[in-house]
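Notes to accompany the following structure.
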Amino acid sequence: MFGLKSVVAAALVGKAFAAINTTLLTDINVISQYWGQISPYRDNDDNYFDVQDVGLPHGCQIEQAHTLQRHAQRFPTSSFDDGINDENFAAKVKNFTSANPNAKFTGPLAFLNTYRYIMGESYLTNIGATTEFQSGATFWNRYGRTLYNATVGQTQYNASYPNGTARPKPVLRTTGQPRIENSQISWALGFFGPSFYPTPDPTLASFTNTSLFDVVIIPEGGTENNTLASYDSCFEDDLQSSDLGDLDLLFQYVPLYITPATARLNAYVPAGFKFNNNDTYAMQSICAYENGYIGQSDFCSLFTEAEWQGFEQTLDIEYYYDYSFGSPTGRAQGLGYQQELLARLTNQYITSSNSSVNSSLTNNPAQFPLGRPFYADFTHDDIIVSVLTSMSVDYFREHPSLTQFPPDPERHFILSHMTPFGGRLITEVIGCNSPNPIAEHTHATQYYPSEYGYDPANATNKFVRMRLNNGIVPLDTIRTGECLGRTDGLCALPKFLASQFQAEKLANYQFACFANYTIVNPTNGNDYDGTVNNMTGGVVVGPGMITAEYLASL
């Protein structure tokens, strides 16, 4: 019976592949939309996440903005299915061509005869720096102008009030990882604008003497608490949760979709050489990374659109099962930033921690100021995914299929729209003159804060709206239901706070991060709802807890 099922399954897969368009895709603007979290940044349409009305209601205005900003284009990482796989492929080609100088790749692969892998590992690229600069300038245009009531022609932040007295300096927070710090620097250059002052400042003196803003650098890479790199202090993530999606993508989905491409490309290799599926997957990955480094790559024109869609699905699978509802620690990894956001929204310091919050940094006004017009925190893509999970935004709970190819284009969890390079999750606090403002269907450009009936003296009703890469997040899908009832993504601040105080309990942080449990079948595509406890199916709980000393001993 097992053999018959296998034959039937193989026949169905064969029919599916036969129905797929085999035309190679060469338009890089289309190709680059299928690179998941390594896609270049693009704004989502305001209504991309199915929010019906996208305008700001009459009598309302944004009064505060919190941005959780991802770093931009970087080199591949040292993960086995990322940079390591890419480097192994490049070494395989180089070793063969060096040992066999007369053997030639042909056709579209002729460039491999002289190819050299030129990428570094993990650091921000120059293109990444320009992405972050653009992000900072965009944040000024969309939020800074309004929050600081910009004057005519003002293109950047001004450190002084109109009367000449100094404003309280903004505090930017970043992890200590180089690509995050460099992203913060480039973003700040765009927002604070010292390279485009009306009176030029060639030395950038105002930028370098700390007169514009302060920076809090939170260490990353050990076992310290850091909400912007929360996996460091969630030990179970280091042991097993962080690879669930990687195993799914490399051993389940890659062979499912890329086998025909491997066969096609093997027609152009010399005798004695053969690509395997991991090699072909590396070619897709290198295409994306080389574009993020030098802006071009000869690997990009080797695949069909469906094969690029399959590539993106592998990355969706990776992040869903590593950091989202498919991970036992998905909620725990987002909990810390969620708590910091709630603290800022309620004007409270955090003086003790039950999560990845470092309370020595959140208990004082110098490092965790309250009541500021904006906050900017620089982080990783997985943290944004985990925050949405911890917040119980169930719009993103729909798991990526491990078996469907081509993937469903209407699925909700698509990383290129969630966490591209330079991605950002922005929480807007909006003041309105009505407790139930009428939703506006379309977006209107706001040239000055009071243009559409807003008066801060009367805007006593506060709402929250969130944007993910400009797309309005459907807060009405928050599981606890407090934010139901509006069609424009707004949620009354008291209701939003109530929903989040309920959602944060679901993380079960201490157990999820430190209990001694084993996931029996890590590649079964299980939806853990982002958490785990003693009753979770497919998990065996042992005695004791996981400690930093135990991790170090490994």
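Distance alone, capped at 3.5 Å, places no donor-acceptor pair between the E132 side chain and the Q184 backbone. Without hydrogens or angle criteria, N433 side chain to N458 main chain gives no donor-acceptor distance under 3.5 Å. A donor-acceptor pair is defined here as one N or O able to donate and one able to accept, closer than 3.5 Å; no such pair exists between the side chain of H66 and the backbone of Y375. A donor-acceptor pair is defined here as one N or O able to donate and one able to accept, closer than 3.5 Å; no such pair exists between the side chain of R70 and the backbone of R424. Not a single donor-acceptor pair under 3.5 Å links the side chain of D488 to the backbone N or O of D53. Between the side chain of N364 and the backbone N or O of Q367, at least one donor-acceptor pair lies under 3.5 Å. Not one N or O on the side chain of T536 forms a donor-acceptor pair closer than 3.5 Å with the backbone of V532. Between the side chain of D214 and the backbone N or O of V171 there is no donor-acceptor pair closer than 3.5 Å. With hydrogens and angles ignored, the 3.5 Å screen pairs a side-chain donor or acceptor of T138 with a backbone N or O of Q134. In terms of modelled atom types and a separation under 3.5 Å, the side chain of D322 and the main chain of G245 share a donor-acceptor contact.
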- Task: Give the C-alpha distance, both sets of side-chain angles, the deciding distance and a yes or no for side-chain hydrogen bond (donor to acceptor under 3.5 Å, both in side chains) between S32 and R42.
- Result: CA-CA 10 Å; S32 61; R42 295 179 179 85; 2.6 Å; yes

- Task: Begin from the C-alpha positions of S434 and N436 and carry the test side-chain hydrogen bond (donor to acceptor under 3.5 Å, both in side chains) through to its verdict.
- Result: CA-CA 5 Å; S434 168; N436 189 27; over 6 Å; no

- Query: side chain to side chain contact (heavy atoms under 4.5 Å, CB included) between Q338 and L341: does it pass, once the steps are laid out?
  - Reply: CA-CA 5 Å; Q338 179 189 19; L341 176 65; 5.7 Å; no

- Apply the test side chain to side chain contact (heavy atoms under 4.5 Å, CB included) to residues S450 and Y448: give CA-CA distance (whole Å), side-chain angles for both, the deciding distance (0.1 Å), then the verdict. CA-CA 6 Å; S450 60; Y448 51 93; 3.6 Å; yes

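Between E312 and R411 a salt bridge is recorded (basic side-chain N to carboxylate O distance below 4.0 Å). A salt bridge does not link R331 with E504: none of the charged nitrogens is closer than 4.0 Å to a carboxylate oxygen. Between R142 and D43 there is a salt bridge, with a side-chain nitrogen of the basic residue lying less than 4.0 Å from a carboxylate oxygen of the acidic one.
Here F413 contributes atom CZ and F325 contributes atom CZ; the two are 9.0 Å apart, rounded to the nearest 0.5 Å. To the nearest 0.5 Å, atom CD of residue Q510 and atom OG of residue S355 are 9.0 Å apart. Residue Y197 holds its OH atom at 9.5 Å from OG1 of T155, rounded to the nearest 0.5 Å. The CG atom of D381 lies 7.5 Å from the CG atom of L415; values are rounded to the nearest 0.5 Å. Rounding to the nearest 0.5 Å gives a distance of 10.0 Å between OG1 of T146 and CD of E428. Once rounded to the nearest 0.5 Å, the distance linking CD of Q309 with CD1 of I414 reads 9.5 Å.
For Q156, there are no side chain to side chain donor-acceptor pair (under 3.5 Å) partners, not counting sequence neighbours. The side chain to side chain donor-acceptor pair (under 3.5 Å) search around T174 returns none, not counting sequence neighbours.
At most 12 heavy atoms of other shown residues, nucleotides or ligands fall within 6.0 angstrom of atom CD1 in I438.
Inspection of the T346 and Q348 side chains reveals an N or O donor paired with an N or O acceptor under 3.5 Å. D382 and Q37 share no donor-acceptor pair across their side chains, judged by distance under 3.5 Å alone. Judged purely by distance below 3.5 Å, without hydrogens or angles, the side chains of T77 and D82 pair a donor atom with an acceptor atom. Between the side chains of S324 and T389, at least one donor-acceptor pair of N or O atoms lies under 3.5 Å. Residues Q33 and S416 bring no donor and acceptor atom of their side chains to less than 3.5 Å of each other. Y289 and R74 form a side-chain donor-acceptor contact under 3.5 Å, judged by distance and modelled atom types alone. In the model, N358 has a side-chain atom that pairs as donor or acceptor with a side-chain atom of S360 under 3.5 Å. Side chains of Y41 and Q73: no donor on one and acceptor on the other come within 3.5 Å.
Summarising the geometry of S233 relative to Y509, their closest heavy-atom pair is OG-OH, 3.4 Å, with the distance given to 0.1 Å. In this structure, S183 and A72 approach most closely via the heavy-atom pair OG-N, 3.5 Å. What you find for E63 and A459 is that their closest heavy atoms are OE2-CB, 3.7 Å. When all heavy atoms of G326 and Y528 are compared, the closest pair comes out as O-CD1, 3.2 Å. Heavy-atom minimum distance, W35 versus A288: CD2-CB, 3.5 Å.
Checked against a 6.0 Å centroid threshold, the rings of H412 and Y395 count as neighbours. Taking the ring centroids of F213 and F191, they lie at or beyond the 6.0 Å cut-off. Y157 and F192 have their aromatic ring centers within a separation under 6.0 angstrom. A distance below 6.0 Å separates the ring centres of F378 and W187.
Two residues are said to be in side-chain contact when any heavy atoms from C-beta on lie closer than 4.5 Å; Q64 and K462 fail this criterion. At least one side-chain heavy atom of L361 sits under 4.5 Å from a side-chain heavy atom of I218. Side-chain atoms of R465 and L56, non-hydrogen and from C-beta on, do get closer than 4.5 Å to each other. Looking at T362 and Q339, their side chains never come closer than 4.5 Å, going by heavy atoms from C-beta outward.
For residues 389-410, the salt bridge (charged side-chain N to carboxylate O under 4.0 Å, His left out) pairs, not counting sequence neighbours, are D394-R479, R397-D527, R397-D529.
For the side-chain hydrogen bond (donor to acceptor under 3.5 Å, both in side chains) with Y231, the qualifying choice from H380, E236, Q333 is H380, the only one to do so.
A cation-pi arrangement, defined by a distance under 6.0 Å to the six-membered ring centre and an angle within 45 degrees of its axis, is present between R486 and F463.
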